Amino acid sequence: MREEVNLRSQRKNEHVQHALDQNPKNLISDFEKMHFVHHSMPSINLDEVDLSGSIGGMKFTVPLYINAMTGGSSWTKSINEKLGKVAAATGIPMAVGSMHAAVRHPELAGSYSIVREVNPDGLIFANVGADVSLEGAKKAVDIISADGLQIHLNVAQELIMPEGDRNFKNWQSNIESILNNVDVPVIVKEVGFGMSRETMQLLKATGVKYVDVSGRGGTNFAEIENARRSAKDMDYLSDWGMSTVQSLLESKEFQKDMTILGSGGVKTPLDAMKSLALGASAVGMSHTLLKYVEENDVESTIEFVEQFFDQMKKIAVMVNAKNIEELHGKPIVFSPDIVSWMEQRNIQRH
Ligand SMILES: Cc1cc2nc3c(=O)[nH]c(=O)nc-3n(C[C@H](O)[C@H](O)[C@H](O)COP(=O)(O)O)c2cc1C
C-alpha cells in the first residue's frame, strides 16, 4: 500500500518536472496559423469591453481558468497552494490534478483540499479519469467541496505508458453514470491531444454538456511519458492529436447545445482571444501558469494573470469586439493547412 502511494506521488512529481522542462516554443500550436483582422477605428472604449461569461450557471468576469495539474505529493501540494492563492486573488476558476490518489489514499487528500482552504469561496473543479467508479467521483467532489467535476480522457497517454490502462470501452457508460448521479456540472476534457467531432458527438449523445477540447500545442504527454524512461515507446507520436485551433473548429456544430472550453498551448493573451473567437466560452492554461508560479512567486503570478486579462481586453478593442459574442462574428484568416483541414473535415466556420 505504502509502495503504491509512493509510486503515485513519484509519478506526479515526474510529470510536473518533465512538464516544466518542456519548452513551449518548440511545441507548435496552430494559433500562429490564425489571424485576426486589425480594426483601426474601434467603436468602443477599452473600459467598455466585457469578457464575462459562465460555465454551468457559474458566472465569471474573467474567461480564464487554471487547468488540472497537481496534487498527490508534498511538492505538488505546495504548487496547489500557490495556484489556489492566485485563483483566489484573481477570481478565476481552478481545477486540481487527477484525484485518484486521494480517493484511494485518504492521507493524500490534503494535497488537493489545500486549494479549498486558501480559496474558500472560489470556483474549484475536481478531476478524475474516465475509469473512476461513481463512488470515487463523488468522493473527489467531496474532498474539495468542488463546484464542478472534470473527467479526463487520456487514452494516448495511457497507451504510451507501459504501466497505463489498456481497457477503455467502459468509459462511456462510466461517464453516463457519473453524469446522472453527481450534483455538480461535469466537464469532460482531453489532456493535450485535442478532440474530434466524432468524440464530441459521442459525448453529446452520452448527455455531456461541458467539454474542454484541450488540444496539442502545449503540454505534450507523449513526450513527457517518454522522458520518464530510457526505453522510448512510440516516441514518433510527439505530434499526435489535434491542435486547440483544429479542435475548436471541430466543435463548431456543438457550440449551440454544449459549452465548449478551450485549452492546450495557450501561452499569450492573443492565443486566449483566438480560442474565444473560435467559440470557447473560457480558456484554460496549465503549463504557462505552472512555469510562471514555479519560477516566480504568488504575487507576481497574480500580476501576470491580471495583465494577461488586461491585454485580452486590449486585443478585443483592436478587433472592435465589445464582448465574446461580438468576437465570434469577427473576420479570421487561416493559413492554408487549416483551410485544408476545414475542407477535408467539412467544417463551416459559422
Ligand atoms: C504537470 C501536469 C499535470 C497534469 N495532470 C493532469 C491531470 O491530473 N488531469 C488532467 O485532466 N489533466 C492534467 N494535465 C493536462 C492539463 O490539464 C491540460 O489539459 C494540458 O496540459 C494542456 O494544457 P497546457 O498546454 O496549457 O499545459 C496536466 C498537465 C500538466 C502540465
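This is a predicted model, so every value here is computed, not measured.
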A.B. asks: With rounding to the nearest 0.5 angstrom, report the CG to CG distance, D131 to N167.
C.D. replies: 10.0 Å
A.B. asks: Donor-acceptor pair, distance only, cut-off 3.5 Å: does the side chain of K189 make one with the backbone of L261?
C.D. replies: no
A.B. asks: Do any N or O atoms from the side chain of H152 and from the backbone of V128 form a donor-acceptor pair under 3.5 angstrom?
C.D. replies: yes
A.B. asks: Would you indicate whether the side-chain heavy atoms of L289 and V86 approach each other to under 4.5 Å?
C.D. replies: no
A.B. asks: I'd like to know if D310 pairs up with K314 as an ion pair, taking the criterion as any Lys NZ or Arg NE/NH1/NH2 lying under 4.0 Å from an Asp or Glu carboxylate oxygen.
C.D. replies: yes
A.B. asks: Are M94 and V283 joined in one hydrophobic group, where the rule is that I, L, V, M, F, W and Y side chains link up if heavy atoms are under 4.5 Å apart?
C.D. replies: yes
A.B. asks: Could you tell me whether R228 and E14 make a salt bridge, using a distance below 4.0 angstrom between a side-chain N and a carboxylate O?
C.D. replies: yes
A.B. asks: Run the side chain to side chain contact (heavy atoms under 4.5 Å, CB included) test on I160 and W240 for me, step by step, so that the C-alpha distance in whole Å, both residues' side-chain angles and the decisive distance to 0.1 Å come before the verdict.
C.D. replies: CA-CA 11 Å; I160 293 167; W240 183 259; over 6 Å; no
A.B. asks: Between N80 and S111, is there a donor-acceptor pair closer than 3.5 Å when you use the side chain of the first and the backbone of the second?
C.D. replies: yes
A.B. asks: Any side-chain to backbone donor/acceptor pair from R166 onto G164? Under 3.5 Å, distance only.
C.D. replies: yes
A.B. asks: Might you work through the side chain to side chain contact (heavy atoms under 4.5 Å, CB included) test for L123 and I55, ending with a clear yes or no?
C.D. replies: CA-CA 10 Å; L123 293 177; I55 309 174; over 6 Å; no
A.B. asks: Can you confirm whether N154 sits close enough to F221 that some side-chain heavy atom of one is under 4.5 Å from a side-chain heavy atom of the other?
C.D. replies: no
A.B. asks: Using a strict cut-off of less than 4.0 Å between a Lys/Arg side-chain nitrogen and an Asp/Glu carboxylate oxygen, indicate whether E81 and K77 qualify as a salt bridge.
C.D. replies: no
A.B. asks: Heavy atoms only: give me the nearest N320-P42 pair and the separation to one decimal.
C.D. replies: OD1-CA, 3.3 Å
A.B. asks: Nearest heavy-atom pair of S275 and V266: which atoms, and what distance?
C.D. replies: OG-CG2, 4.2 Å
A.B. asks: Are any of the side-chain nitrogens in K139 or D142 under 4.0 Å away from the carboxylate oxygens of its partner?
C.D. replies: no
A.B. asks: Show your working on side chain to side chain contact (heavy atoms under 4.5 Å, CB included) between L270 and K274 and close with a plain yes or no.
C.D. replies: CA-CA 6 Å; L270 184 55; K274 287 177 178 175; 3.8 Å; yes
A.B. asks: Should M258 and L203 count as side-chain neighbours, where that means a heavy-atom distance under 4.5 Å?
C.D. replies: yes
A.B. asks: Decide if atom CG of D47 counts as having more than 12 heavy atoms of other residues, nucleotides or ligands within a radius under 6.0 Å.
C.D. replies: yes
A.B. asks: Looking at CG of L83 and OG1 of T70, how far apart are the two atoms once the value is rounded to the nearest 0.5 Å?
C.D. replies: 6.0 Å
A.B. asks: Between V211 and L249, is there a shared hydrophobic cluster once you connect ILVMFWY residues whose side-chain heavy atoms come closer than 4.5 Å?
C.D. replies: yes
A.B. asks: Are R116 and D147 ion-paired here, with the side-chain N under 4.0 Å from a carboxylate O?
C.D. replies: yes
A.B. asks: Which distance, rounded to the nearest 0.5 Å, do you find between the CG of L248 and the CE of M195?
C.D. replies: 11.0 Å
A.B. asks: Here's a test for you: under side chain to side chain contact (heavy atoms under 4.5 Å, CB included), which of L153, L202, T206, I178 qualifies with V188?
C.D. replies: L153
A.B. asks: Say you draw a straight line from CZ of F308 to OG1 of T268; how long is it, rounded to the nearest 0.5 Å?
C.D. replies: 6.0 Å
A.B. asks: Taking the basic N atoms (NZ, or NE/NH1/NH2) and the acidic carboxylate oxygens, is any pair closer than 4.0 Å for R216 and D239?
C.D. replies: no
A.B. asks: Look at the side chain of E250 and the backbone N and O of S196, then say whether any donor-acceptor pair between them is shorter than 3.5 Å.
C.D. replies: no
A.B. asks: Can any side-chain N or O of S335 pair as donor or acceptor with the backbone N or O of I338 at less than 3.5 Å?
C.D. replies: no
A.B. asks: Report yes or no: does H39 contribute a side-chain atom to a donor-acceptor pair with the main-chain N or O of M41 at less than 3.5 Å?
C.D. replies: yes
A.B. asks: Do Y210 and V213 belong to the same hydrophobic cluster, where Ile, Leu, Val, Met, Phe, Trp and Tyr are linked whenever their side-chain heavy atoms lie under 4.5 Å apart, directly or via other members?
C.D. replies: no
A.B. asks: Going through the checks in order, is the side chain to side chain contact (heavy atoms under 4.5 Å, CB included) test met by V115 and Y112?
C.D. replies: CA-CA 6 Å; V115 167; Y112 301 88; over 6 Å; no
A.B. asks: Report yes or no: do D297 and S300 form a side-chain donor-acceptor pair below 3.5 Å?
C.D. replies: yes
A.B. asks: Can you get from Y65 to V184 by hopping between Ile, Leu, Val, Met, Phe, Trp and Tyr side chains that sit under 4.5 Å apart?
C.D. replies: no
A.B. asks: Any chance you could measure N127, atom CG, to S98, atom OG, to the nearest 0.5 Å?
C.D. replies: 5.5 Å
A.B. asks: Are D50 and K322 close enough for a salt bridge, meaning some N to O gap below 4.0 Å?
C.D. replies: no
A.B. asks: Is the backbone of G72 close enough, under 3.5 Å, to the side chain of S9 for a donor and an acceptor to pair up by distance?
C.D. replies: yes
A.B. asks: Once rounded to the nearest 0.5 Å, what's the spacing between atom CD of E176 and atom CG of N181?
C.D. replies: 10.5 Å
A.B. asks: Salt bridge between E198 and R345, side-chain N to carboxylate O under 4.0 Å?
C.D. replies: yes
A.B. asks: Taking 4.0 angstrom as the limit, do R11 and E163 come out as a salt bridge?
C.D. replies: yes
A.B. asks: Is there side-chain contact between F254 and Q201, with at least one heavy-atom pair below 4.5 Å?
C.D. replies: yes
A.B. asks: Would N296 and T301 count as having a side-chain donor-acceptor pair, cut-off 3.5 Å?
C.D. replies: no
A.B. asks: Which heavy atom of G279 sits nearest to which heavy atom of H328, and what is that distance?
C.D. replies: CA-NE2, 3.7 Å
A.B. asks: Indicate yes or no for a side-chain donor-acceptor contact from N119 to the backbone of K85 under 3.5 Å, with no hydrogens or angles considered.
C.D. replies: no
A.B. asks: If you take all heavy atoms of E294 and W75, which pair is closest and at what distance?
C.D. replies: OE1-NE1, 3.1 Å
A.B. asks: For a 4.5 angstrom cut-off between non-hydrogen side-chain atoms, does M285 reach I66?
C.D. replies: no
A.B. asks: Heavy atoms, side chains only, cut-off 4.5 Å: are P63 and L276 in contact?
C.D. replies: yes
A.B. asks: Please report the closest heavy-atom contact between L290 and A19, naming both atoms and the distance.
C.D. replies: CD2-CB, 4.3 Å
A.B. asks: Out of S247, S286, S214, which residue meets the side-chain hydrogen bond (donor to acceptor under 3.5 Å, both in side chains) rule with S263?
C.D. replies: S214
A.B. asks: Is it true that N67 and D212 share a donor-acceptor pair across their side chains at a distance under 3.5 Å?
C.D. replies: yes
A.B. asks: Look at K313 together with E48 and state whether they make a salt bridge at an N to O cut-off of under 4.0 Å.
C.D. replies: no
A.B. asks: Ring centroid separation for H35 and F334, is it under 6.0 angstrom?
C.D. replies: no
A.B. asks: With a 4.5 Å cut-off on side-chain heavy atoms, are Q22 and H18 touching?
C.D. replies: no
A.B. asks: I need the minimum non-hydrogen distance between S281 and F60, along with the two atoms involved.
C.D. replies: O-CZ, 3.8 Å
A.B. asks: Closer than 3.5 angstrom, by distance alone: can the side chain of S52 be matched with the main-chain N or O of T61 as a donor-acceptor pair?
C.D. replies: no
A.B. asks: V333 versus V37: any side-chain heavy-atom pair under 4.5 Å?
C.D. replies: yes
A.B. asks: Give the cluster check for L64 versus I187: same hydrophobic cluster or not, with ILVMFWY residues linked at side-chain heavy-atom distances below 4.5 Å.
C.D. replies: no
